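Since the structure comes first, as structure tokens, the remarks are kept for the end.
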Amino acid sequence: MTKLIECVPNFSEGVDLGIIKQITDVIESVDGVRLLNVDPGKATNRTVVTFVGESQPVIEAAFLAIKKAGELIDMSKHHGEHPRMGATDVCPLIPISNITLEETAVYAQALGKRVGEELGIPVYLYEFAQANKSRNNLSVIRAGEYEGFFKKIKLPEWKPDFGPAEMDAKRGATVIGARDFLVAYNVNLNTTSTRRANSIAFDVREAGRVLREGDPVSGKIITDENGKPKSQPGSLKSVKAIGWYIEEYGIAQISMNLTNLNVTPLHTAFDEVCNRAQARGMRVTGSELVGLVPLKTLVDAGKYFLHKQQRSTGVSEKELIRIAVKTMGLDELSPFNPEERVIEYLLKDKAAEKLVSMTLADFADETASESPAPGGGSISAYAGALGASLATMVANLSAHKKGWDDRWEEFSNWAAKGQQYKDELLRLVDQDTGAFNQIMAAFNLPKGSDEEKASRSEAIQAATKNAMEIPFRVMQAAYASMEVIKAMAETGNPNSVSDAGVAALCARTAVLGAFLNVKINASGCKDKTFVDELLNEGAELERLAIELEGEILGIVAGKIG
């Protein structure tokens with residue numbers, strides 16, 4: 001399986017787009033690497049670049065980018081709001097799929113060694129790539145920043161992990177490491193005061209604030225019996241934060257790094273900053289994400305904010321994201337396009353979703369064309385998706401029905417289930433056509449030699465099994481959706497009971513139609529045990545679906561009269 005690593009280098013240039021383009025050009029020159037996002041900031045004079053690929057190409061692209069940044073950026077002339085120490089200030093590697101954090105750390109160490117030895121840039125390892133826990137924190141390493149590192153680098157305890165123990169006046173020093181996915185997130189305030197923004201940052205960040213006598217800023221630091229400063233922890237775990245003023249926008253912000261979204265999700269951080277700002281007489285006006293964000297982060301936020309309103313969370317992924325964006329004001333400073341900011345959307349194989357991305361008219365035209373795909377399998381999956389969608393609609397209407405306020409969560413849960421079935425069936429629309437195309441590709445393999453014939457036969461059998469399994473999954477999902485359909489016929493908004501009836505007809509059609517596709521492909525499969533098991537299970541699903549459809553239509557008939 002492909003081992004994917006994401007690399008998110010931060011370059012100390014956010015104004016000259018020509019320089020940024022030269023850096024990203026060398027990244028894109030490496031085969032096997034995909035540039036996902038380039039996010040320059042003028043006020044911070046910093047650009048966050050995100051690219052992904054297999055381990056070795058990513059390491060090569062990162063090395064070339066660090067080299068190019070060192071050639072183009074002069075740190076002796078750099079000024080910006082964000083803490084920094086080098087042309088390539090920090091270069092984290094993040095495991096994405098089929099690779100552990102420990103394995104990723106080894107690649108980070110190898111990259112650091114190469115940068116130090118071949119480029120002569122001082123390199124510090126951080127997070128999981130750094131064995132020395134006293135210097136694995138980025139903010140601790142970067143303390144003193146570029147200007148202070150000319151002296152700091154000479155201290156024995158701050159000798160670089162790789163490269164010379166001499167600060168490079170032009171290129172600075174670089175921090176390279178391996179870490180979990182981190183979200184860089186800024187919250188906008190209705191103030192221009194950095195001091196007041198910092199007061200909120202200290203309230204929320206895990207490290208909190210150092211305790212002082214009298215004035216919280218200039219007062220004498222309170223120490224413990226060992227002479228170490230005492231501190232008061234902030235309210236949010238796994239959060240780093242500072243306050244700053246952004247001249248470009250004319251506002252102060254709380255700039256946060258959310259280092260563990262399982263501990264402190266995006267919506268929790270937003271709400272907590274809102275509460276702390278209000279307590280200090282300020283208002284949050286919006287927020288911004290720097291770089292990319294996992295899909296789950298926005299979906300969870302949308303569900304959270306809908307739940308707070310006692311509204312159904314069983315809405316589409318697109319609607320959940322829209323709610324998250326509007327609630328947190330992610331589009332206040334600039335447009336927020338999920339297709340360009342959500343990592344899963346950028347990695348998505350659009351060719352694999354050709355059919356479901358079509359308009360209804362185009363889908364019908366494609367089905368009616370002389371091409372054998374999409375055929376009955378894809379149509380069955382789509383019919384099932386429509387049935388699940390109708391059931392979900394009834395659930396959402398019921399959740400918002402006047403006088404049923406005490407039942408909103410009950411119907412919200414049904415709607416969420418319906419959405420899951422709908423999404424699964426929509427994925428199967430294209431997968432069924434893909435399965436047919438796989439069979440055609442297998443039959444077109446060369447058969448000139450005995451070896452080629454054997455390989456071709458093996459490919460045909462594998463593709464045939466897949467072409468049976470996909471419509472069987474359609475049967476399973478469509479039948480499972482009938483649980484939601486029956487519940488909505490029985491307990492949902494009575495004004496929509498006919499919609500539940502139509503949903504049942506669609507689900508039954510999906511089950512029976514998909515079974516036809518299982519059976520027609522079974523004739524080409526030589527694995528008799530596999531065929532018998534699938535046909536027996538399919539026949540039982542068909543029987544159950546017909547029986548359940550009858551029950552649902554009976555309920556509908558009784559209510560319609």
Side-chain angles (χ1 to χ4, degrees), residues 183 185 187-188 258 261-262 264-275 277-278 283-287 289 293-332 335-339 341-342 344-345 385-426 480-481 483-500 502-503:
V183 170
Y185 180 54
V187 179
N188 312 326
L258 310 183
L261 292 169
N262 293 318
T264 298
L266 188 71
H267 54 267
T268 300
F270 175 80
D271 261 8
E272 181 63 7
V273 171
C274 286
N275 293 335
Q278 185 173 9
R283 294 283 300 255
V284 167
T285 62
S287 61
L289 283 162
V293 65
L295 173 62
K296 185 177 183 295
T297 299
L298 294 181
V299 168
D300 286 351
K303 290 179 179 178
Y304 169 80
F305 293 120
L306 283 174
H307 194 272
K308 285 184 71 174
Q309 300 173 31
Q310 297 191 349
R311 301 276 294 178
S312 172
T313 60
V315 296
S316 69
E317 183 177 282
K318 182 178 180 181
E319 178 63 9
L320 289 172
I321 292 174
R322 190 189 73 82
I323 292 292
V325 170
K326 289 301 178 186
T327 305
M328 295 186 288
L330 291 172
D331 55 358
E332 182 193 18
F336 186 92
N337 182 355
E339 294 296 325
R341 305 301 297 279
V342 175
E344 286 87 346
Y345 290 173
L386 291 176
S389 297
L390 277 170
T392 304
M393 178 194 77
V394 177
N396 279 319
L397 287 170
S398 303
H400 303 147
K401 180 175 169 56
K402 185 177 180 181
W404 288 18
D405 293 344
D406 60 332
R407 301 180 66 191
W408 75 269
E409 198 160 13
E410 169 196 345
F411 289 112
S412 173
N413 291 335
W414 281 117
K417 266 192 175 183
Q419 288 286 349
Q420 290 174 358
Y421 294 130
K422 179 209 74 178
D423 291 342
E424 171 66 7
L425 287 159
L426 282 176
S481 74
E483 176 197 14
V484 182
I485 297 168
K486 183 180 180 182
M488 293 306 97
E490 289 177 326
T491 67
N493 189 329
N495 296 326
S496 300
V497 69
S498 61
D499 297 304
V502 175

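Side chains included, hydrogens not; waters and symmetry mates left out as well; all remaining heavy atoms used. Treat the numbers as computed from the prediction; the structure is a model and nothing was measured.
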- State, with a plain yes or no, whether a side-chain heavy atom of Leu386 is found less than 4.5 Å away from one of Val502. no

- Can you name the side-chain contact (heavy atoms from CB on, under 4.5 Å) partners of Leu426, sequence neighbours left out? Val356, Tyr382, Ala385, Lys422

- Note on the structure: Residues passing the salt bridge (Lys or Arg N to Asp or Glu O under 4.0 Å) test with Glu424, sequence neighbours excluded, are Arg427, Arg473

- Message: Can you confirm whether more than 12 heavy atoms, excluding those of Glu344, are under 6.0 Å from its CD atom?
- Response: yes

- Item | Smallest separation among heavy atoms of Tyr421 and Ala480, with atom names | CE2-CB, 3.5 Å

- Query: What is the distance from atom OG of Ser481 to atom NZ of Lys417, rounded to the nearest 0.5 Å?
  - Reply: 11.5 Å

- Sorted by chain and residue number, the salt bridge (Lys or Arg N to Asp or Glu O under 4.0 Å) partners of Asp331 (sequence neighbours excluded) come out as Lys326

- Query: Residues two or more places apart in sequence or in another chain: which of them pass salt bridge (Lys or Arg N to Asp or Glu O under 4.0 Å) with Glu409?
  - Reply: none

- Pairs flagged by side-chain hydrogen bond (donor to acceptor under 3.5 Å, both in side chains) wherever residues 390-404 is involved - sequence neighbours left out: Ser312-Asn396

Do any side-chain atoms of residues 295-304 form donor-acceptor pairs under 3.5 angstrom with protein atoms, and if so which ones, sequence neighbours left out?
residue	atom	partner	partner atom	Å
Lys296	NZ	Asp300	OD2	2.6
Tyr304	OH	Asp271	OD2	2.5

- Item | Nearest heavy atoms of Val342 and Pro294, plus distance in Å | CG1-C, 4.4 Å

- Quick one: CG on Leu330 to CG on Leu289, what's the gap to the nearest 0.5 Å? 5.0 Å

- Only counting residues at least two apart or in another chain, list the ones meeting side-chain hydrogen bond (donor to acceptor under 3.5 Å, both in side chains) with Glu332. Asn188, Thr285

- Message: With a 3.5 Å distance limit and no angle check, can you tell me whether Thr313 reaches the backbone of His307 through a side-chain donor-acceptor pair?
- Response: no

- Note on the structure: For Asn337, the side-chain contact (heavy atoms from CB on, under 4.5 Å) test, sequence neighbours excluded, returns Glu339, Glu340

- Item | Tyr185 and Val293, any side-chain heavy atoms less than 4.5 Å apart | no

- Query: From Leu306 CG over to Trp408 CH2, what is the distance, rounded to the nearest 0.5 angstrom?
  - Reply: 8.5 Å

- Test item: Trp414 and Val394 side chains (from C-beta on) under 4.5 Å apart, heavy atoms: no

- Item | Approximate separation, where rounding is to 0.5 Å, of Gln309 CD and Thr327 OG1 | 6.5 Å

- For Arg341, the salt bridge (Lys or Arg N to Asp or Glu O under 4.0 Å) test, sequence neighbours excluded, returns Asp39

- Query: Which side-chain hydrogen bond (donor to acceptor under 3.5 Å, both in side chains) pairs, counting each pair once, include a residue from residues 316-325, with sequence neighbours left out?
  - Reply: Glu317-Tyr345, Glu319-Arg322

Taking only distance into account, with no hydrogens and no angle test, what donor-acceptor pairs under 3.5 Å do side-chain atoms of residues 484-491 form with protein atoms, sequence neighbours excluded?
residue	atom	partner	partner atom	Å
Lys486	NZ	Glu551	OE1	3.0
Thr491	OG1	Ala487	O	2.8

- CZ/Arg407: more than 12 non-hydrogen atoms of other groups inside 6.0 Å: yes

- Task: Mind checking side-chain hydrogen bond (donor to acceptor under 3.5 Å, both in side chains) for Glu272 and listing every partner two or more places apart, or none if nothing turns up?
- Result: Ser235, Arg276

- Query: Taking all atoms of both residues into account, what is the closest heavy-atom pair of Ala391 and Ala503, and its distance?
  - Reply: N-CB, 4.2 Å

